[in-house]
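Here's the structure, in structure tokens; my notes come after.
Note on naming: letters A, B, ... go to the chains in the order of the sequence lines (proteins, then strands), and numbering restarts at 1 for each one.
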Amino acid sequence: MAGGTRRRGILPVRGPYHLLRTLSCGQAFGWRVDGTGAAGVFAQRRIRLTPRRGAVEVDGLDDAASLERLAHYLGLDQPLRAIERELARDAVLARILRTTSGVAILRQDPWECLAGFVISAFNNIPKIELTLDRLRRRFGAPLPGGGYAFPQPEAIGAASERALRGCVLGYRAPYLRAVARRVSTGTLDLRAPFSLPYDEARRMLLDLPGVGDKVADCVLLFAYGRGDAFPVDVWVKRAVERWYFRGRAQAERRIREFARSRFGSLAGYAQQHLFVAARTTLRF
DNA sequence: ATTCAGGTGCGAG
DNA sequence: CTCGCACCTGAA
């Protein structure tokens, strides 16, 4: 491909925003992050993102509408300076923010986010990525510049369990297919959680097979922007127990309620910083 | 060969 | 309602 003719865009960045930290802290599965940037798919295009001084360089996209959507997806419009100043009133967060600062909350597509976290349950990251890659290749539309779109719920819903298990979904195959069918038939309205209170939106998601407390909160936070959601995974559980409960074990429900009441609408950000800090500094 | 991995569903008390 | 246990499967 000729060098100078490639589509390219620039997104301005302000505050402590940290692109690679945001893309590699486990909110989304689709990004391949290396030393200089991240590669993935957005707006039906294969793109590459590179952090620059005060900006994010976007290769593979140049129309204003897509770039604006990308900025929103990446959380570039979030007031991280003020958010982190508020979080730093908490002594634990004040300490760990020195190494976790700049994490924004992505605004992911609800279906893709939901599917990804259903697959993530009791799984490990390499295998989650293997599964998602196979699902894309087998059920996703091939993209112009290479790569595959994330499969539509119709495609997953129509797949045989055998074909899904071929994507190493294991026992999650029937869960994912059932969720896909509820979405594609309209039994589940994925726009509804945008306009529902936390508890109701959460109940809706919990009704889905393969969706429990943790996955529901992940989707509420990473797709619906519900900042009051606080997903409790094994790492966050360890972090909260160690740093807020003197190492004493607590039920996940108790941890979630403690954090939601302590951090309010910023609970989701608190969770991200605790998660990053736990994964990078805690050894168990 | 065993063990582990970013939870969930299910039955029991 | 809270608790304990089994669970597909690739990778170490």
For A:D228, run the salt bridge (charged side-chain N to carboxylate O under 4.0 Å, His left out) check against A:R262, A:R256, A:R260 and tell me which one passes.
A:R260
Nearest-Å distance once atom P is located in both B:dG6 and C:dG4
22 Å
Classify A:R165 by what it touches in the nucleic acid, base, sugar-phosphate, or nothing, heavy-atom distance under 4.0 Å.
sugar-phosphate
Any chance the rings of A:F258 and A:F245 have centres within less than 6.0 Å?
yes
How would you label the contact of A:L164 with the nucleic acid (heavy atoms, under 4.0 Å): base, sugar-phosphate, or nothing?
nothing
Polar atom pairs between nucleotides 10-12 of chain C and protein, under 3.5 Å, N or O only, would you list them?
from, atom 1, to, atom 2, distance (Å)
C:dG10, N2, A:N124, ND2, 3.1

Other cluster members, A:V41 - Ile/Leu/Val/Met/Phe/Trp/Tyr, side-chain contacts below 4.5 Å:
A:L143
Among side-chain atoms of A:D34 and A:T36, is any donor-acceptor pair under 3.5 angstrom?
yes
Mapping A:F117 and A:L208 onto DNA chain B by nearest heavy atom, which one lands closer to the 5' end?
A:F117
Can you tell which of A:F29, A:W111, A:Y175 makes a ring pair (Phe, Tyr, Trp, His ring centres under 6.0 Å) with A:F117?
A:F29
On DNA chain B, which is the earliest and which the latest nucleotide, 5' to 3', with an atom closer than 4.0 Å to a heavy atom of chain A?
B:dA5 to B:dG9
Can you pull out the residues from residues 209-227 of chain A that lie within a 4.0 Å heavy-atom distance of DNA chain B?
A:P209, A:G210, A:V211, A:G212, A:D213, A:K214, A:V215
Does A:Y175 reach a base, just sugar-phosphate, or nothing at all? Heavy atoms under 4.0 Å.
sugar-phosphate
Restricting both atoms to N or O, compile the protein contacts to nucleotides 2-4 of chain C shorter than 3.5 Å, with distance only.
none

Stem ranges for DNA chain B, with three or more consecutive Watson-Crick or G-U pairs under 3.5 Å?
B:2-5 with C:9-12, B:7-13 with C:1-7
Is the Lys NZ or Arg CZ of A:R238 less than 6.0 Å from the centre of A:W243's six-membered ring, within 45° of the axis?
no
